[in-house]
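Below: one structure, written as structure tokens.
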Amino acid sequence: MNRALNFNAGPAALPAEVLIEAQKHLLNFNGTGMSVMELSHRSKPYEEVHDGAISKLRTLMNIPDDYEVLFLQGGASTQFSMVPMNLLKEGQTASYILSGAWSEKALKEAKKVGQTSILASSKESNYNSIPEFTLSDLSSDTAYLHITSNNTIFGTQWQSFPDSPVPLIGDMSSDILSKPIQVDQFGLIYAGAQKNLGPSGVTVVIIKKSLLERSTDALPTMLNYKTYADNNSLYNTPPTIAIYLLKLVLDWVENQGGVTAIEKINDQKAKLLYDAIDESEGFYNGHATLNSRSKMNVTFTLQSEEATKVFLQQAKEEGFVGLNGHRSVGGCRASIYNAVPLENVEKLAEFMKKFSQK
Ligand SMILES: *Cc1c(COP(=O)(O)O)cnc(C)c1O
């Protein structure tokens, strides 16, 4: 097999085992004589996929019974609107912590719905860290506090989560399932699947049941969390193939030993690249401050644009894909989500060392 050394930020690498499994059943899923894509979403074989994906996610993330797991479409970007539409009432304020471009976009949509405030921001330092904040600064009319757990573009990540007095909303698109988390610290968690969970096309929402009471019937049906909760995310046709692949990715995570085992490998992978940066004596510079470093997206720069160009060119010739940094940071970014194999990261660390020595 000639698989690329894929470090794309999203859509991103999927486990080869998952793709092989999907390929094997592409024409005839479980003896149905049909692909999963051709099954009715109301049929028994599809139902097993759908419910299996929900229950596996519940097990892997240890999701308490008073939370719903929903499958939606429209990406994490649609959640930027749905969160305030469903959870922010007249006379309340939605509070945001700005730690990158995705939080800014989330705030922009909330402003269209109601009153907002910014509890903290690290914009002034080009989002190279998770900002400091004081929970007691939240006003008494705060509807929720929104954070972005991993900043895909800037390569920073929350190392722990606050015990917020108001429902904490987490955009976990780029680090969900990368380490154990305590779901009950959150009122709502959302994630587009295409970084750590599967292909694009499905968005996972984990919501505390009591928060569903905030969604009014005046909302458009498809933008109301209750519609999904009341209908097991089958009010209309769900993205069946994406949910099927999500289920296969969850099976794969389970086979790896679950989220705790995945975290250990992720720690190793991140350490390889950060060591390559730190031991280069300034040849490479990490964008994130030490205590905010992301284990999913490693961002770094070289001393000049010329050096960056040569690095990226040679990396490309060696078969590495997706190492260009986002234009707002420049330099390079290696996305090392769950499905990126350890040996590929070893190869990249090796390449970085050789390149800097040369
Ligand atoms: C990729 C990403 C998004 C956008 O996701 P879409 O599914 O493309 O809308 C939002 N937030 C974070 C943290 C992301 O990494």
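Numbers here simply count residues along the sequence, with the first being 1. Atoms within each ligand, like the ligands themselves, are counted from 1 in listed order.
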Ligand 1: protein N/O within less than 3.5 Å of ligand N/O:
residue  : atom   : partner : partner atom : Å
ligand 1 : 7 (O)  : A76     : N            : 3.1
ligand 1 : 7 (O)  : Q194    : NE2          : 2.9
ligand 1 : 8 (O)  : Q194    : NE2          : 3.3
ligand 1 : 9 (O)  : A76     : N            : 3.2
ligand 1 : 9 (O)  : S77     : N            : 2.8
ligand 1 : 9 (O)  : S77     : OG           : 2.6
ligand 1 : 11 (N) : D171    : OD2          : 2.6
ligand 1 : 15 (O) : T152    : OG1          : 2.5
ligand 1 : 15 (O) : K195    : NZ           : 2.7

Would you mind writing out the side-chain donor-acceptor pairs for residues 108-121 within the sub-3.5 Å range, not counting sequence neighbours?
residue : atom : partner : partner atom : Å
E109    : OE1  : S81     : OG           : 3.4
S121    : OG   : K123    : N            : 3.1

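Of the charged side-chain nitrogens involved, none lies within less than 4.0 Å of a carboxylate oxygen, so that D267 and K271 do not count as a salt-bridged pair.
The cationic group of K195 lies under 6.0 Å from the six-membered ring centre of W102 and within 45° of the ring axis, placing it in a cation-pi geometry.
Using a 30° and 60° split on the angle between ring planes, Y190 and F80 fall in the perpendicular class, above 60°.
Remark: Y127 pairs with F154 by the ring pair (Phe, Tyr, Trp, His ring centres under 6.0 Å) rule, at least two apart or across chains.
Counting side-chain heavy-atom gaps under 4.5 Å among Ile, Leu, Val, Met, Phe, Trp and Tyr, the cluster of M296 also holds Y337.
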